[in-house]
Amino acid sequence: MCYTEYMKRNPGFFLCAGFLHTVHAAALCTVCVLCVSCRGNGAGTGDADGSATLRTEVMERNGMTGWSDALEDGVLTARRDTVESVAPQLPLSPAVLAAASVHGMAAVYPELPGFGSLDVSALNEDRRRTVDGFCSAVVSGDSCDRYMAPGSIFALVLFLHDTAAAGPFLSYVYGRPFVTESIVQVPVRFVSERRHTDVLLYLSRAGSWKISQIQLQR
C-alpha cells in the first residue's frame with residue numbers, strides 16, 4: 001500500500017503523530033529555556049567563585065614569590081628631628097622644609113629680632129670653644145681669666161663692672177661673626193630675668209683663640 005493511500009485510509013494516525021511531534025518540540029524548547037535560565041542564574045555564583053579563585057591564586061603566587069629583604073628598613077619609619085640643610089636651632093615647619101628642599105639653596109638659619117642672624121657656621125671648633133667657655137663662665141659666675149688674651153684682663157674687669165647691674169645672667173646666645181685674617185668679631189647676647197645685654201667679643205690668635213676686647217653695645 002502506498003503512502004498516499006494509507007494516509008487517505010488513516011488520517012487520525014497522522015494527526016496524532018503531528019500532535020506528538022509538536023508536544024515533543026515544545027518540551028524540548030522548555031528544557032532549553034530552563035538550561036539557559038539556570039546558566040544565567042549561576043553566572044553570579046560563577047563570578048563569586050571566580051573572584052575567590054582569583055584571590056586564592058594571587059595569594060598562592062605571593063607565597064611562592066621570593067621577596068628580598070628591605071634595604072635600610074628603618075629609614076621610612078625613623079623619626080627625623082633635624083635636616084642637614086637647616087640649622088638645628090630652627091624648628092622644622094612646613095615652610096622651612098619647603099625652603100630647604102629648593103635645589104642649591106643655602107642653609108636656613110634663624111634670626112633674633114634686634115640681634116641678627118644666628119648663623120655661626122663661620123666659627124670653627126677652636127673659636128666656638130673659646131666663646132662658649134667664656135659665656136658659660138659669665139653665666140655661672142666662674143673665672144673668665146683663662147679665655148682672655150695676654151694683657152686683656154682690664155677689658156674683662158670693665159665688662160664685669162658695667163654689667164653687674166644687669167645680672168645675674170641666666171643664658172646667652174651668639175650670632176653670625178665678622179671674620180678677617182687677624183681678628184674675629186662675635187656678637188653675644190646675655191639674658192637675665194629683667195633684660196638682655198648685647199656685647200661684641202673680639203678674638204685674636206695668641207697660640208690659640210683668645211678674647212682681646214669686650215665691647216658693650218648701648
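For reference, positions follow the sequence shown, starting with 1.
Cluster annotation: L112 is not connected to V191 through the hydrophobic network of ILVMFWY side chains, with a link wherever side-chain heavy atoms come within less than 4.5 Å. M148 and L200 are not part of a single hydrophobic cluster, where members link through side-chain heavy atoms under 4.5 Å apart. Both V179 and V186 are assigned to one and the same hydrophobic cluster, defined by single-linkage of ILVMFWY side chains at heavy-atom distances under 4.5 Å. Neither F178 nor Y202 shares a network with the other; the hydrophobic side chains, linked directly or stepwise wherever heavy atoms of I, L, V, M, F, W or Y lie under 4.5 Å apart, form separate groups for each. Both L216 and V188 are part of a single hydrophobic cluster, where members link through side-chain heavy atoms under 4.5 Å apart.
Put simply, CZ on R195 and CZ on F169 are 8.0 Å apart, with the number rounded to the nearest 0.5 Å. Expressed to the nearest 0.5 Å, how far CD1 of I211 lies from CD1 of I153 amounts to 10.0 Å. In this structure, the separation between CG on N124 and OG1 on T130 is 9.0 Å, given to the nearest 0.5 Å. Distance CE/M59 to CZ/R55: 8.5 Å, rounded to 0.5 Å. Taken to the nearest 0.5 Å, the SG atom of C135 stands 13.0 Å off from the CZ atom of R189. The line from NE2 of H196 to OG of S171 is 11.5 Å long, rounded to the nearest 0.5 Å.
Side-chain contact between Y147 and L201: absent, with no pair of heavy atoms (C-beta onward) separated by less than 4.5 Å. At least one side-chain heavy atom of R129 sits less than 4.5 Å from a side-chain heavy atom of D126. Side-chain contact between L156 and F134 is present, with heavy atoms from C-beta onward closer than 4.5 Å. When side chains are defined from C-beta on, V184 counts as touching L123, because their heavy atoms get closer than 4.5 Å. Between Y109 and V120 the shortest side-chain heavy-atom distance does not fall below 4.5 Å.
For the pair S204 (side chain) and S212 (backbone), a donor-acceptor distance under 3.5 Å is absent. Judged purely by atom type and a 3.5 angstrom limit, R176 has no side-chain atom pairing as donor or acceptor with the backbone of S117. Checked by atom type and distance alone, the side chain of S152 never pairs as donor or acceptor with a backbone atom of A155 at under 3.5 Å. A donor-acceptor pair is defined here as one N or O able to donate and one able to accept, closer than 3.5 Å; such a pair exists between the side chain of S192 and the backbone of A166. Counting only distance, with no hydrogens or angles, the side chain of K210 and the backbone of R146 share a donor-acceptor pair below 3.5 Å.
In this structure, A137 and C144 approach most closely via the heavy-atom pair CB-SG, 3.6 Å. Residues P177 and P187 approach most closely at CA-CD, 4.2 Å, considering heavy atoms. The minimum heavy-atom distance between V173 and F115, with the atom names listed, is O-CZ, 4.0 Å. L118 and Y174 make their closest contact through CD2-O, 4.0 Å (heavy atoms, listed as atom of the first residue, atom of the second, distance). Taking all atoms of both residues into account, the shortest heavy-atom contact from L203 to I183 is O-CG1, 3.2 Å.
Using cut-offs of 30° and 60° on the angle between ring planes, the pair F190 and F159 is tilted.
Here R127 pairs with nothing under the salt bridge (Lys or Arg N to Asp or Glu O under 4.0 Å) rule; sequence neighbours left out.
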